[in-house]
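Worksheet for the structure shown next.
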Amino acid sequence: MKRRRIGRPRTMGEFLKSSASNTSSSSTSSMPSTTSSHLPPPPPPAQIPPPPPPPPPPPPTAEMDAKDTTVNGRGHSKVISEWNTGVKVEVFFNSNFQLVGDRAAQLKSQLGKIVRDGQRIPLTIMDWKFVGKKVKDEIWKDVQDNLLNVPEEYRAVCMRSCNTLWKDHKSKTKINYFEKNKDDPDLVNNPPAHIVMEQWADLVAYWSSEDVKMISRRNSCNRELRGPVHNTGRKHFSQLCYVMQQIGEETDKMSVWKKRETRRTLK
C-alpha cells in the first residue's frame with residue numbers, strides 16, 4: 001500500500017507559504033552567533049552607475065501589425081454540439097471501456113472544455129487527486145446526462161482523461177503565457193482571458209519560485225530519459241486500433257507500433 005505523504009501542500013499558495021517558512025527557519029539557524037569581539041563594519045558597496053536606457057522601439061508597420069494578429073496553433077478543437085441540449089449522444093467503447101469511433105475525439109475536446117473551467121477546477125491546485133470528490137461527481141453526472149448508455153466502468157477512464165487534460169492545460173498555460181512573458185514586470189496584472197485573476201497571481205508567484213524552478217529542471221531531465229513518444233496526434237492508441245480493425249488490418253502490438261511509426265493518417 002502506497003504511503004501518503006503527510007502535510008503535502010494542496011494548493012500553490014500553501015506550497016509558497018511552506019517554502020517561505022522553511023527558508024526563514026533555515027536562514028535563522030544558519031546565522032552566526034554574536035560574540036564579544038568588535039569587528040569593524042564592512043565597507044559600503046561601490047556605487048555602480050545605472051545602465052543607459054534602451055533605444056525607443058521602431059514605429060509599427062503594417063507588416064508587424066499583421067504578424068501580431070496572427071494566431072499560432074490550431075486552437076481548441078470542436079466539442080460536442082449536442083452537449084447540454086437534452087439530446088444524448090451515442091458513443092462506443094472497446095473492451096477496456098475506452099472511447100472509440102467518430103465521437104471519441106469530440107468527447108475528449110468536451111472533457112477538455114470542462115476541466116479548463118477555472119471556477120470549477122482551479123489551476124492553483126497542486127495535483128488532480130486534490131480535486132474534491134463533489135467536483136468529480138459533478139463531471140461524471142454531466143457525462144452521464146449527455147451520453148447514451150454509459151457503463152459505470154468508464155468513470156475511471158474518464159477521470160484519468162480529465163486528469164491528463166487538466167495537466168496539459170496547466171502546462172500550456174505556463175508555456176504560452178508565463179514563459180514567454182516572464183520578464184514583464186507587470187505580468188501578474190495581465191492574466192490571460194481564460195484564467196481567473198486571483199489564480200493567475202498565485203500561478204506567477206509559484207512558477208517564479210526558485211524551489212519550483214529547481215523542480216521543473218529536475219522534471220525536464222527526467223523527461224529526457226523517457227522513450228520515444230507517439231506521433232499520432234490526438235488519435236490515441238485505442239482509436240488507432242479501432243480504425244485498423246475497421247479496414248481489416250492486424251492489431252497486435254507490433255502492427256500498431258509500425259502503423260504509429262509510419263505517421264499515416266487513418267480516416
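Counting from 1, the numbers follow the sequence of the chain as shown. Excluded from the calculations below are hydrogen atoms, water molecules and symmetry mates; all remaining heavy atoms, backbone and side chain alike, are included.
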Self-check item: Set of side-chain hydrogen bond (donor to acceptor under 3.5 Å, both in side chains) partners for Asp127, sequence neighbours left out
Solution: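 For Asp127, no residue satisfies side-chain hydrogen bond (donor to acceptor under 3.5 Å, both in side chains) once neighbours in sequence are set aside.
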Exercise. Quick one: list whatever passes side-chain hydrogen bond (donor to acceptor under 3.5 Å, both in side chains) with Asp202, sequence neighbours left out.
Key: none
Quiz prompt | From OG1 (Thr11) to CG (Leu123), nearest 0.5 Å | solution =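 Reported to 0.5 Å precision, the distance equals 12.5 Å.
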Quiz item: Atom CG of Asn163 and atom NZ of Lys129: how far apart are they, to the nearest 0.5 Å?
Solution: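 If I round to the nearest 0.5 Å, the distance is 9.5 Å.
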Within the distance-only criterion (no hydrogens, no angle test), does the side chain of [X] pair as donor or acceptor with the backbone N or O of [Y] below 3.5 angstrom?
{"X": "Trp200", "Y": "Leu187", "answer": "yes"}
{"X": "Ser220", "Y": "Ser216", "answer": "yes"}
{"X": "Thr164", "Y": "Arg160", "answer": "yes"}
{"X": "Thr173", "Y": "His169", "answer": "yes"}

Quiz item: Does the distance from a Lys or Arg side-chain N to an Asp or Glu carboxylate O, for Glu14 and Lys17, drop under 4.0 Å?
Solution: no
Hey, are the side chains of [X] and [Y] touching, using non-hydrogen atoms and a 4.5 Å cut-off?
{"X": "Glu152", "Y": "Trp140", "result": "yes"}
{"X": "Lys182", "Y": "Lys174", "result": "no"}
{"X": "Met159", "Y": "Ile139", "result": "yes"}
{"X": "Leu203", "Y": "Phe178", "result": "no"}
{"X": "Trp128", "Y": "Ile121", "result": "yes"}
{"X": "Arg155", "Y": "Asp137", "result": "yes"}
{"X": "Leu99", "Y": "Phe93", "result": "yes"}
{"X": "Asn190", "Y": "Asn181", "result": "no"}

For [X] against [Y], the heavy-atom pair lying closest together:
{"X": "Ser208", "Y": "Val204", "result": "OG-O, 2.7 Å"}
{"X": "Met197", "Y": "Asn189", "result": "CE-CA, 4.1 Å"}
{"X": "Gly118", "Y": "Gln199", "result": "O-NE2, 2.9 Å"}
{"X": "Thr85", "Y": "Ser81", "result": "CG2-O, 3.9 Å"}
{"X": "Leu16", "Y": "Ala205", "result": "CD1-CB, 3.7 Å"}
{"X": "Val143", "Y": "Cys158", "result": "CG2-SG, 4.0 Å"}

Check whether [X] and [Y] end up in the same hydrophobic cluster, where Ile, Leu, Val, Met, Phe, Trp and Tyr are linked by side-chain heavy atoms less than 4.5 Å apart.
{"X": "Tyr206", "Y": "Ile215", "answer": "yes"}
{"X": "Val91", "Y": "Val87", "answer": "no"}
{"X": "Val196", "Y": "Val188", "answer": "no"}

[X]: partners by side chain to side chain contact (heavy atoms under 4.5 Å, CB included), with sequence neighbours left out:
{"X": "Asp145", "answer": "Lys141"}
{"X": "Lys113", "answer": "Val79, Gln110, Arg116"}
{"X": "Asp142", "answer": "Trp83, Asn84, Ile114, Arg120, Asn146"}

Exercise. With sequence neighbours excluded, tell me which residues meet salt bridge (Lys or Arg N to Asp or Glu O under 4.0 Å) with Glu82.
Key: Arg103
Practice problem: With side chain to side chain contact (heavy atoms under 4.5 Å, CB included) as the test, would you mind laying out the steps for Phe15 and Asp211 before giving the verdict? | Solution: CA-CA 10 Å; Phe15 178 90; Asp211 290 341; 4.3 Å; yes
